[in-house]
Student: 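One structure, pasted below without further comment.
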Amino acid sequence: MKKHKNYYFATKNRSLSFSALEGDAKADVCIIGAGFTGLGAALELIGKGYKVAILEAAEVGHGASGRNGGQVASGYSAGMMEAARIVGAADAALLWQFSEEAKEILHARLEQHKIDCDFRWGEYYAAPKKSHLDWLKAEREFVEKSYGYEKYRWVDEPGMREILAGDRYIGALLDLEGGHLHPLNYLLGLAEAVSTRGGMIFENSAAISFTEGKSLKIQTEKGEVSADVLILAGNAYLKNLAPKLFNRMVPIKSSILATEPLGSERAASLMKTTACVADTYFDLDYFKMAPDTRLIYGGRDFSFGRSTLQNNAVRDNMLKTFPMLQNVKIDYLWSGQLSITRQRLPDVGQLHKNVFYAHGYSGQGVPLSAIVSRVLAEAVDGQLSRFDVFNRIPHKKVPRSKALQVPLYHLVLLWNRIKDML
């Protein structure tokens, strides 16, 4: 086992360290969670002249933002046809505009803050079954006709054989404006930008509780932040801080592995593309080739018991896609929690007039956190029109009991697998 289980931590290009909160601190806005949403909102708020304090329970990157697949996609996990059914045509059009702006914000931040995070263009939505192909074609047609998006390209089965080894996928939709990056290096770049612009980041400073009212008090083990506004950006890692949010999300475990370096020749024999891939299963697989020729492969992990580098659920899925990697060594294996909503659309709202929250990106956190962080900052600044679009999404509740949430999600997963087989 490597010293770092997480490949991204082992290959980060900068080291940052922030002190824990000890004593009292005062800010205009306190943000809980130093992930994509929290740091992005801090950048936006600092740009508007607000004094910001961020409380991070562990270290920057410890949560989902430093552990994910790093994939950038257009739209939402539910798909735009489903989004339009849920929210109506008018709000769906606005949500699509937001997702387009999300990509623009992400690239602007990379350029403005000179963040080196190995960004590569392109994402394939790969279909293993004809019914999935039909859905992809319908989704493409809907997006092109409804929103004028012209960056999708169709890949037929012979085209897939040229791009990917193996025969698991029979077609794909290539999103030319999709892509992938090193998520931890992106996150650390955001953290450095926040810090150099005067934002206060406190690591190892888990928020224990907060008092409601015009003036908020947010307590940690060794200190307290006084603020006018609070943003809850801890996603699936909020724990018991805001119990009301746990009937609006299902925390799901996702695991990722990184193989040993394959060498340029073998890597090219597996993937003749620098784009990333995500398949169309409900419990999707996603993968990419890293610049050092390691295959990075991830997926939802419903395994129980101890996993090892060479014996784990993600490796089993990898071998379904690339059976020729049976004897390849796995160098890294790590897991994290992501928040999924029942509608697979982001959940953005208010617990109180001055307490905002955002979670539930359902696998699209890299791009969507960019636009949500901007919309949250607008809302804090009194501009609620775009915030209200997210707030109008009619989210279905889930049981508060953690003992029921995951089993029920398993039932949904099983039903979707049965539909795939049928």
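Since we're looking at a predicted model, the values are computed, not measured.
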Student: Could you tell me whether Glu101 and Arg386 have a side-chain N and a carboxylate O separated by less than 4.0 Å?
Tutor: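 Salt bridge flag = yes for Arg386 with Glu101.
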Student: Has Ser205 got a side-chain atom pairing as donor or acceptor with Glu203's backbone, closer than 3.5 angstrom?
Tutor: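 Yes: the side chain of Ser205 pairs with the backbone of Glu203.
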Student: Please examine the side chains of Leu187 and Tyr8, heavy atoms only from C-beta on, and report whether any two atoms are closer than 4.5 Å.
Tutor: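 Contact flag for Tyr8/Leu187 side chains = no.
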Student: Can you list the steps and then say if Val366 with His180 is a side chain to side chain contact (heavy atoms under 4.5 Å, CB included)?
Tutor: CA-CA 9 Å; Val366 178; His180 60 97; over 6 Å; no
Student: Test Leu106 against Leu181 for side chain to side chain contact (heavy atoms under 4.5 Å, CB included), laying out the working first.
Tutor: CA-CA 11 Å; Leu106 187 153; Leu181 48 72; 4.1 Å; yes
Student: In the structure I gave you, are the side-chain heavy atoms of Met318 and Ile330 within less than 4.5 Å of one another anywhere?
Tutor: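 Met318 reaches Ile330 side chain to side chain.
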Student: Report the C-alpha separation of His132 and Tyr125 in whole Å, then their side-chain angles, then the decisive distance to 0.1 Å, and conclude whether the ring pair (Phe, Tyr, Trp, His ring centres under 6.0 Å) test is met.
Tutor: CA-CA 10 Å; His132 294 205; Tyr125 304 107; over 10 Å; no
Student: Side-chain contact, heavy-atom cut-off 4.5 Å: Leu245 with Leu351?
Tutor: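 Side chain of Leu245 against side chain of Leu351, heavy atoms only: contact under 4.5 Å found.
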Student: With side chain to side chain contact (heavy atoms under 4.5 Å, CB included) as the test, pick out the partner of Ile231 among Asn354, Val29, Ile54.
Tutor: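 It is Val29, the one option of Asn354, Val29, Ile54 that forms the side chain to side chain contact (heavy atoms under 4.5 Å, CB included) with Ile231.
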Student: Is the distance from the ring center of Tyr149 to that of Trp96 below 6.0 Å?
Tutor: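 Centroid distance Tyr149-Trp96: below 6.0 Å, so yes.
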Student: Is the backbone N or O of Pro346 less than 3.5 Å from a side-chain atom of His395, with the two atoms forming a donor-acceptor pair by type?
Tutor: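 Answer holds: yes.
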Student: Between CD of Gln350 and CG of Asp388, what distance do you get to the nearest 0.5 Å?
Tutor: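 It is 8.0 Å, given to the nearest 0.5 Å.
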Student: Quick check: do Pro367 and Val72 have side-chain heavy atoms less than 4.5 Å from each other?
Tutor: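 They are in contact (side-chain heavy atoms under 4.5 Å apart), so the answer is yes.
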Student: Just checking, any donor-acceptor pair under 3.5 angstrom between side chains of Arg120 and Thr274?
Tutor: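 Checked: Arg120/Thr274 side chains show no N/O donor-acceptor pair below 3.5 Å.
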Student: When you look at Val229 and Asp28, which way does the side chain to side chain contact (heavy atoms under 4.5 Å, CB included) test go after all the steps?
Tutor: CA-CA 6 Å; Val229 177; Asp28 299 316; over 6 Å; no
Student: I'd like to know if the side chain of Ser77 pairs up with that of Ser362 as donor and acceptor (distance under 3.5 Å, no hydrogens or angles considered).
Tutor: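 Absent: no donor and acceptor within the cut-off.
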Student: Side chains of Arg248 and Arg342, heavy atoms from C-beta outward: is any pair under 4.5 Å?
Tutor: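 Arg248 does not reach Arg342 side chain to side chain.
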Student: Evaluate the criterion salt bridge (Lys or Arg N to Asp or Glu O under 4.0 Å) for residue pair Glu141 and Lys137; output intermediate values, then yes/no.
Tutor: CA-CA 6 Å; Glu141 181 179 2; Lys137 290 176 180 177; over 6 Å; no
Student: Would you mind reporting whether Leu325 and Leu319 have side-chain heavy atoms less than 4.5 Å apart?
Tutor: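 Yes. Closest side-chain heavy atoms under 4.5 Å.
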Student: More than 12 heavy atoms of other residues, nucleotides or ligands under 6.0 Å from NZ of Lys151: yes or no?
Tutor: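 Counting other residues, nucleotides and ligands, NZ of Lys151 stays at 12 neighbours or fewer.
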Student: From Asn317 CG over to Asp279 CG, what is the distance, rounded to the nearest 0.5 angstrom?
Tutor: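 Result: 8.5 Å between the selected atoms.
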Student: Check for a donor-acceptor pair, side chain of Asn185 on one end and backbone N or O of His182 on the other, with a separation under 3.5 Å.
Tutor: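 Such a contact is absent between Asn185 side chain and His182 backbone.
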Student: Counting N and O atoms only, with roles assigned by atom type, does the side chain of Arg315 sit under 3.5 Å from a partner on the main chain of Asn311, one being a donor and the other an acceptor?
Tutor: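 No, the answer is negative, given that no donor and acceptor are paired below the 3.5 Å cut-off.
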Student: With a 4.5 Å heavy-atom cut-off, do Thr273 and Tyr124 have their side chains touching?
Tutor: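 Yes; the side chains approach each other to less than 4.5 Å.
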Student: Can any side-chain N or O of Arg168 pair as donor or acceptor with the backbone N or O of Ala165 at less than 3.5 Å?
Tutor: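 No: the side chain of Arg168 does not pair with the backbone of Ala165.
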Student: Can you check whether His62's main-chain N or O pairs, donor with acceptor, with Arg67's side chain at less than 3.5 Å?
Tutor: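 The answer is yes, because a donor-acceptor pair under 3.5 Å joins these two groups.
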Student: Please determine, by modelled atom types, if Lys103 and Ser74 share a side-chain donor-acceptor pair under 3.5 angstrom.
Tutor: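 Their side chains do contain a donor-acceptor pair, which is all the 3.5 Å distance test asks for.
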Student: Taking atom types as modelled, find out whether Tyr50 and Asp381 have a side-chain donor-acceptor pair closer than 3.5 angstrom.
Tutor: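 The criterion, which ignores hydrogens and geometry beyond distance, is satisfied for Asp381 and Tyr50.
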Student: More than 12 non-hydrogen atoms from neighbouring residues, nucleotides or ligands closer than 6.0 Å to CG on Asp316, yes or no?
Tutor: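 Yes, the 6.0 Å shell around CG holds more than 12 heavy atoms from other groups.
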Student: Taking atom CG of Leu230 and atom CG of Asp228, what is their separation to the nearest 0.5 Å?
Tutor: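 Answer for the CG-CG pair, Leu230 versus Asp228, is 11.5 Å.
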Student: Before we go on, tell me: are the rings of His107 and Phe119 under 6.0 Å apart, centre to centre?
Tutor: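 Aromatic pair counts; centres sit under 6.0 Å.
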Student: What's the verdict on salt bridge (Lys or Arg N to Asp or Glu O under 4.0 Å) for Glu162 and Lys272, showing C-alpha distance, side-chain angles and the deciding distance?
Tutor: CA-CA 7 Å; Glu162 295 178 6; Lys272 294 182 176 64; over 6 Å; no
Student: Indicate the atoms forming the closest heavy-atom contact of Leu368 with Gly75, along with that distance.
Tutor: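 Minimum heavy-atom separation between Leu368 and Gly75: CD2-O, 4.0 Å.
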Student: Indicate every side-chain donor-acceptor pair of residues 30-45 with a distance under 3.5 Å to a residue at least two apart or in another chain.
Tutor:
{"from": "Thr37", "atom 1": "OG1", "to": "Tyr361", "atom 2": "OH", "distance (Å)": "2.6"}
{"from": "Glu44", "atom 1": "OE1", "to": "Arg374", "atom 2": "NE", "distance (Å)": "3.4"}
{"from": "Glu44", "atom 1": "OE2", "to": "Arg109", "atom 2": "NH2", "distance (Å)": "3.2"}
{"from": "Glu44", "atom 1": "OE2", "to": "Arg374", "atom 2": "NE", "distance (Å)": "3.2"}
{"from": "Glu44", "atom 1": "OE2", "to": "Arg374", "atom 2": "NH2", "distance (Å)": "3.3"}

Student: Under 3.5 Å, side chain of Lys288 to main-chain N/O of Gly69, donor-acceptor pair present?
Tutor: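 Side chain of Lys288 to backbone of Gly69: a pair is present.
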Student: Centres of the Phe9 and Trp334 rings: under 6.0 Å?
Tutor: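 No, too far apart.
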Student: Without swapping roles, check the side chain of Asn235 against the backbone of Ser65 for a donor-acceptor pair under 3.5 Å.
Tutor: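 Pair absent, no side-chain N/O of Asn235 close to backbone of Ser65.
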Student: What class does the angle between the rings of Tyr332 and Tyr7 fall in, given that below 30° is parallel, 30 to 60° is tilted and above 60° is perpendicular?
Tutor: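 Tyr332 and Tyr7: perpendicular rings.
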Student: Under a 4.0 Å N-O cut-off, is there an ion pair linking Glu260 with Arg294?
Tutor: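 Here Glu260 does not pair with Arg294 in a salt bridge, since their nearest N and O are not under 4.0 Å apart.
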Student: Going from CD on Gln71 to OH on Tyr286, what distance comes out if it is rounded to the nearest 0.5 angstrom?
Tutor: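 That separation rounds to 8.0 Å.
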Student: Could you check whether any side-chain heavy atom of Glu212 comes within less than 4.5 Å of a side-chain heavy atom of Val355, counting everything from C-beta outward?
Tutor: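 SC-SC contact between Glu212 and Val355 ruled out.
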Student: For the residue pair Tyr297 and Phe287, categorise the inter-ring angle as parallel (less than 30°), tilted (30 to 60°) or perpendicular (more than 60°).
Tutor: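 Aromatic pair Tyr297/Phe287 classed parallel.
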Student: From Glu59 CD over to Asn204 CG, what is the distance, rounded to the nearest 0.5 angstrom?
Tutor: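 The distance works out to 4.5 Å.
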Student: Do Gln343 side-chain atoms and Pro394 backbone N/O form a donor-acceptor pair below 3.5 Å?
Tutor: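 It does hold such a pair.
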Student: Out of Val52, Val60, Leu55, which residue meets the side chain to side chain contact (heavy atoms under 4.5 Å, CB included) rule with Ile201?
Tutor: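 Only one option passes, and that is Val60.
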Student: Phe390 and Phe387: aromatic ring centres closer than 6.0 Å?
Tutor: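 No; Phe387 has its ring centre 6.0 Å or more from that of Phe390.
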Student: Evaluate Arg161 against Asp167 for salt bridge (Lys or Arg N to Asp or Glu O under 4.0 Å), listing each step before the verdict.
Tutor: CA-CA 7 Å; Arg161 298 291 81 80; Asp167 58 3; over 6 Å; no
Student: In Å, rounded to the nearest 0.5 Å, how long is the span from CG of Leu333 to CD1 of Ile256?
Tutor: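 CD1 of Ile256 is found 9.5 Å from CG of Leu333.
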Student: Anything under 30° is parallel, anything over 60° is perpendicular, the rest tilted; go ahead and classify His359 against Tyr357.
Tutor: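 Aromatic pair His359/Tyr357 classed parallel.
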Student: Quick one: does Asp175's side chain have a donor or acceptor within less than 3.5 Å of a partner on Tyr152's backbone?
Tutor: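 No, Asp175 side chain to Tyr152 backbone: no donor-acceptor pair under 3.5 Å.
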Student: Taking all atoms of both residues into account, what is the closest heavy-atom pair of Leu338 and Ser254, and its distance?
Tutor: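 Smallest heavy-atom distance, with atoms named: CD2-CB, 3.3 Å.
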Student: Working note: Ile393 + Asp347, criterion side chain to side chain contact (heavy atoms under 4.5 Å, CB included); need CA distance, chi angles, decisive distance, verdict.
Tutor: CA-CA 8 Å; Ile393 297 174; Asp347 184 12; over 6 Å; no
